[in-house]
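Predicted model only: the values in this text are computed from it and were never measured. All heavy atoms count here, side chains included; hydrogens, waters and symmetry mates do not.
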Amino acid sequence: QVQLVESGGGLVQAGGSLRLSCAASTSTFSAYAMGWFRQAPGKEREFVAAVSWSGGRTHYGDSVKGRFTIFRDNAHNMVYLRMNSLKPDDTAVFYCAACIPADVVGTCKELYEYDYWGQGTQVTVSS
């Protein structure tokens with residue numbers, strides 16, 4: 001069982017930056033690939049970014065490439081999402097998730113691959 005708790009959301013102006021954090025309560029954190037998803041009102045949950053267990057592989061959704069960076073700290077059971085050049089379209093609840101990837105050195109990019117989810121943190125970008 002993995003418990004995930006996100007933090008760092010808030011209100012920011014367009015063009016600004018935020019860093020989201022996700023704390024994982026498990027003794028086997030490095031066994032999991034980690035991901036971030038987001039869900040805006042009235043829309044489906046959308047893949048944002050994923051990172052492999054080592055941090056060596058990352059993948060990003062097309063809408064955030066070049067603006068967002070995912071990274072992790074296995075020593076402290078943390079995963080982060082650095083978000084730059086934020087746009088009003090980035091407004092959503094952001095969720096942290098954990099998965100066991102099919103490729104042990106890979107990531108998970110599909111929602112159904114993730115077994116554990118946090119409760120979400122709200123990010124609001126004003127224009």
Using distance only, find each side-chain donor-acceptor pair of residues 17-25 under 3.5 Å and give its atom names and separation, not counting sequence neighbours.
unit_1, atom_1, unit_2, atom_2, d
S17, OG, N84, OD1, 2.9
S25, OG, Q3, N, 3.4
S25, OG, Q3, O, 3.3

| message | In this structure, would M34 and V2 fall into the same cluster of hydrophobic residues linked by side-chain contacts under 4.5 Å? | response | yes
| Y116 (side chain) donor-acceptor with L4 (main chain) under 3.5 angstrom | no
| Partners passing salt bridge (charged side-chain N to carboxylate O under 4.0 Å, His left out) against E113 (at least two apart in sequence or in another chain) | none
| How far apart are the closest heavy atoms of I100 and D115, and which atoms are they? | N-OD2, 4.3 Å
| Roughly how far, to the nearest 0.5 Å, is the SG atom of C99 from the CH2 atom of W53? | 14.0 Å
| request: Evaluate the side-chain contact (heavy atoms from CB on, under 4.5 Å) criterion for residues F94 and Q39: first the C-alpha distance (whole Å), next the side-chain angles of each, then the deciding distance (0.1 Å), finally the verdict. | output: CA-CA 7 Å; F94 281 72; Q39 189 165 19; over 6 Å; no
| query | Quick one: side chain to side chain contact (heavy atoms under 4.5 Å, CB included) partners of S85, sequence neighbours excluded? | reply | R67
| task | Over all heavy atoms of both residues, which pair between Y32 and A98 is shortest? Give the atoms and the distance, please. | result | CD2-CB, 4.0 Å
| request: Determine, using the 4.5 Å side-chain heavy-atom cutoff (strictly less than), whether M78 and W36 are members of one ILVMFWY cluster. | output: no
| Is Y114 reachable from F29 through a run of hydrophobic residues whose side-chain heavy atoms are each under 4.5 Å from the next? | no
| field | Minimal non-hydrogen separation, A49 against L81, with atom names | value | CB-CD1, 4.1 Å
| note | Sorted by chain and number, sequence neighbours left out, side chain to side chain donor-acceptor pair (under 3.5 Å) with N74 holds for R72
| said: Whether the side chain of Q13 engages the backbone of S126 through a donor-acceptor N/O pair (distance < 3.5 Å, no angle test) should be reported. | reply: no
| message | According to a hydrophobic-cluster definition based on side-chain heavy atoms being under 4.5 Å apart (Ile, Leu, Val, Met, Phe, Trp, Tyr only), do F37 and Y60 belong together? | response | no
| request: Using a 4.5 Å cut-off on heavy atoms from C-beta on, say whether the side chain of E6 contacts that of W117. | output: no
| With sequence neighbours left out, what residues match R82 under salt bridge (charged side-chain N to carboxylate O under 4.0 Å, His left out)? | none
| query | Listed by chain and number, what are the salt bridge (charged side-chain N to carboxylate O under 4.0 Å, His left out) partners of K43, not counting sequence neighbours? | reply | none
| said: Applying side chain to side chain contact (heavy atoms under 4.5 Å, CB included), can you list everything that pairs with S54, at least two apart in sequence or on another chain? | reply: S52
| Note, V12 side chain near T124 side chain (heavy atom, < 4.5 Å) | no
| message | The criterion is ring pair (Phe, Tyr, Trp, His ring centres under 6.0 Å); which residues satisfy it with Y80, sequence neighbours excluded? | response | F71
| Same apolar cluster (I L V M F W Y, side chains within < 4.5 Å links), V64/Y95 | no
| salt bridge (charged side-chain N to carboxylate O under 4.0 Å, His left out) partners of R38, counting only residues at least two apart | E46, D90
| field | Pair V123-T91, side-chain contact (heavy atoms from CB on, under 4.5 Å): steps then yes or no | value | CA-CA 5 Å; V123 172; T91 295; 5.9 Å; no
| Set of side chain to side chain donor-acceptor pair (under 3.5 Å) partners for T107, sequence neighbours left out | H59
| query | Can you list every pair that meets salt bridge (charged side-chain N to carboxylate O under 4.0 Å, His left out) and has a residue in residues 52-61, with sequence neighbours left out? | reply | R57-D103
| field | disulfide (SG to SG under 2.5 Å): pairs with one or both residues in residues 32-79, sequence neighbours excluded | value | none
| N77 side chain to T26 backbone, donor-acceptor under 3.5 Å | yes
| What heavy-atom pair brings P101 and C108 nearest, and what distance separates the two atoms? | CA-SG, 3.7 Å
